[in-house]
Visitor: 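Encoded as structure tokens, here's the structure I'll be asking about.
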Amino acid sequence: MSTLEKTIVLLQEMPEQSLESLYDFICSIWMHQDGKTKHLKNSVDTSDSMEGFRVLQSFAGTLPADFDDKKELEEMRKEKYARFN
């Protein structure tokens with residue numbers, strides 16, 4: 001299977017929100033290829049946003065599988081606001 005075929009299969013399985021982010025990422029790469037910025041008509045520079053997105057993605061999968069966000073939130077609230085009770 002070629003890289004293009006594998007990519008198409010992967011794209012067909014991705015949720016719509018991920019596709020939108022991926023599309024923005026690909027556009028930013030395409031506009032900045034060869035070290036030259038190509039601005040499309042009515043385009044918006046998304047490079048800062050995409051860099052922020054990449055930073056957020058780097059945190060994906062860093063929590064243990066049994067992480068309980070509600071429990072952690074409650075513990076942090078108790079710790080932070082205990083002096084007011």
Visitor: In Å, rounded to the nearest 0.5 Å, how long is the span from CE of M14 to CD of E20?
Guide: 11.0 Å
Visitor: Going only through I, L, V, M, F, W and Y residues with side-chain contacts under 4.5 Å, is there a path from F53 to I29?
Guide: yes
Visitor: For the atom pair CE (M76) and NZ (K71), what is the distance rounded to the nearest 0.5 Å?
Guide: 10.5 Å
Visitor: Any ion pair linking R54 and E51 (charged N to carboxylate O, less than 4.0 Å)?
Guide: yes
Visitor: Is there a chain of hydrophobic side chains (I, L, V, M, F, W, Y, each step under 4.5 Å between heavy atoms) that links I26 to L11?
Guide: yes
Visitor: Going through the checks in order, is the side chain to side chain contact (heavy atoms under 4.5 Å, CB included) test met by I8 and L4?
Guide: CA-CA 6 Å; I8 291 170; L4 178 60; 4.0 Å; yes
Visitor: Crowded around E5 CD? As in, over 12 foreign heavy atoms under 6.0 Å?
Guide: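 Yes, CD of E5 has more than 12 neighbouring heavy atoms, counting only those of other groups under 6.0 Å.
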Visitor: Quick check for you: to the nearest 0.5 Å, what is the distance between L19 atom CG and E13 atom CD?
Guide: 11.0 Å
